[in-house]
Structures are given as C-alpha cells and as structure tokens.
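Every heavy atom of this structure was used, including side-chain atoms; hydrogens, water molecules and symmetry mates were not. If you're wondering where the values come from, they're calculated on a predicted model, not measured in any experiment.
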Amino acid sequence: ILYKMTKKILVLCTGNSCRSQIAEGYLRYFAGKKADVYSSGVETHGVNPKAIVTMQEDGIDISNHTSNNIDEYRNIDFDFVITVCDNAKERCPFFPTKAKKFHQNFPDPAKSIGTDEEISEEFRKVRQLIKEYCKQFVADNL
C-alpha cells in the first residue's frame, strides 16, 4: 500500500495579516486533505479585518486564523514555502529545510488608500490574484 504523506505548506509575508492569510485560506480550500497549510510573518500584525470580510464574500472563513511568527514553525519540516511579498523574501530568516521555495509578490491591499469602497475593491483585486495563484499552485504541486 502506498501511503502518501500530507504535504506541509508555509505561506510567508511581512506581517501575516493580509496576503498570507488570504493565501492560507485559498490553499486550504483548494488543497483539501492533500496539505496542511500554515501562514506566518517575519512580524505579526494581527489578522486584517478587511481580509476577513473580503474572504467571507467569496465563501471562505478565515476569522479564526491567528497571526503567527515564523519562529513558531521552526520545528516543522515544510515541503513548500511560498513568500507572497518581496519584503518577506528579503527578510525571510534562514531555517534548515528541504522545502521548495516559491515567490510571488502581491500588492498589499492594506496599504491602499481612498474611500471605503475603493479600498474594498483593492482587497477584492488582490484576493482574486491570490486565489488564481493558489488554485494553480495546488494543480501544479499537489
């Protein structure tokens, strides 16, 4: 009997508040039981309330996610590490891992300015980019 181990995926961003949380939500959704998905930041800023609302609009609940620091996961042997912003890629601390590394810089919707509606629209745009990336990532790697 071939037993396939569940893959472990870490999504890394600067503050683990927005992009990495959205990516964690979609990776869990698309991967199902094929992967355990974690997200963390080189800092922790708490989960952005707008990220939670934006994901709820697409039927995915990330309201119970926590903002985690990369140090909390040092003892996990990840198969994949995905950085979702250039800052995290540059500041990503080295930890011994056989993980395949992926990088995709997404705009930070938390930095968008304008009316509430304009900011919400920016969150939706970034959510869509991340959704497509995650769907493709799962198709290609799991």
- Query: Taking a hydrophobic cluster as the set of Ile, Leu, Val, Met, Phe, Trp and Tyr residues connected by side-chain heavy atoms closer than 4.5 Å, whether directly or through intermediates, do Ile60 and Leu27 fall within one such cluster?
  - Reply: yes
- Query: Would you say the side chain of Ile22 lies within less than 4.5 Å of the side chain of Phe106, judging by non-hydrogen atoms?
  - Reply: no
- Item | Heavy-atom side-chain proximity of Pro107 to Leu129 below 4.5 angstrom | yes
- If we ignore angles and hydrogens, is there a donor and acceptor under 3.5 Å between the side chains of Glu122 and Ser112? no
- Note on the structure: All heavy atoms of Thr6 vs all of Lys33, minimum pair found to be CG2-O, 3.7 Å
- Query: Does Val138 share a hydrophobic cluster with Ile130, counting links as ILVMFWY side-chain heavy atoms below 4.5 Å and allowing steps through other members?
  - Reply: yes
- On a heavy-atom basis, the closest approach of His65 and Gly25 is CE1-N, 4.0 Å
- Query: Is there a donor-acceptor contact under 3.5 Å linking the side chains of Glu132 and Gln136?
  - Reply: no
- Task: Could you point out which residue of Lys101, Arg19, His103, Gln104 forms a side-chain hydrogen bond (donor to acceptor under 3.5 Å, both in side chains) with Thr83?
- Result: His103
- Message: Is it the case that over 12 heavy atoms from other parts of the model lie below 6.0 angstrom from the CG atom of Asn64?
- Response: yes
- Does one hydrophobic cluster hold both Phe78 and Ile70, with members joined at side-chain heavy-atom distances below 4.5 Å? yes
- Message: Let's go through Asp36 and Arg28 carefully: what are the C-alpha distance in whole Å and the side-chain angles of both, what is the deciding distance for salt bridge (Lys or Arg N to Asp or Glu O under 4.0 Å) to 0.1 Å, and is it a yes or a no?
- Response: CA-CA 7 Å; Asp36 291 329; Arg28 283 184 175 181; over 6 Å; no
- Under the criterion side chain to side chain contact (heavy atoms under 4.5 Å, CB included), which of Asn68, Val42, Val47 is the partner of Asn16? Asn68
- Interatomic distance, Ile9 atom CD1 to Lys100 atom NZ [nearest 0.5 angstrom]: 11.5 Å
- Report yes if the side chains of Lys135 and Tyr29 come closer than 4.5 Å at any heavy-atom pair, otherwise no. no
- Query: Taking the six-membered ring for Trp, are Phe80 and Phe102 parallel (under 30°), tilted (30 to 60°) or perpendicular (over 60°)?
  - Reply: tilted
- Are Lys8 and Asp77 close enough for a salt bridge, meaning some N to O gap below 4.0 Å? no
- Task: Would you kindly confirm whether Ile119 and Ile62 end up in one hydrophobic cluster when ILVMFWY residues are joined by side chain heavy atoms under 4.5 Å apart?
- Result: no
- Item | Minimum-distance pair of heavy atoms, taken over all atoms of Ala51 and Ser17 | CB-O, 4.1 Å
- With a 4.5 Å limit on heavy-atom distance, are the side chains of Arg124 and Ser120 in contact? yes
- Heavy-atom side-chain proximity of Thr14 to Asp108 below 4.5 angstrom: no
- Query: Is Val84 reachable from Leu142 through a run of hydrophobic residues whose side-chain heavy atoms are each under 4.5 Å from the next?
  - Reply: yes
- With Lys50 as reference, evaluate Ile52, Asn48, Val53 under the side chain to side chain contact (heavy atoms under 4.5 Å, CB included) test and give the passing residue. Asn48
- Are Gln128 and Lys131 side-chain neighbours, meaning at least one heavy-atom pair lies under 4.5 Å? yes
- Should Asn69 and Ser40 be marked as a side chain to side chain contact (heavy atoms under 4.5 Å, CB included) after you check the CA-CA gap, both sets of side-chain angles, and the distance that decides it? CA-CA 5 Å; Asn69 189 287; Ser40 69; over 6 Å; no
- Message: Determine whether Gln21 and Met55 satisfy the following criterion, side chain to side chain contact (heavy atoms under 4.5 Å, CB included), listing intermediate values before the conclusion.
- Response: CA-CA 10 Å; Gln21 295 286 350; Met55 290 298 279; over 6 Å; no
- If you look at every heavy atom in Pro109 and Cys18, which pair is closest and at what distance? CG-SG, 3.7 Å
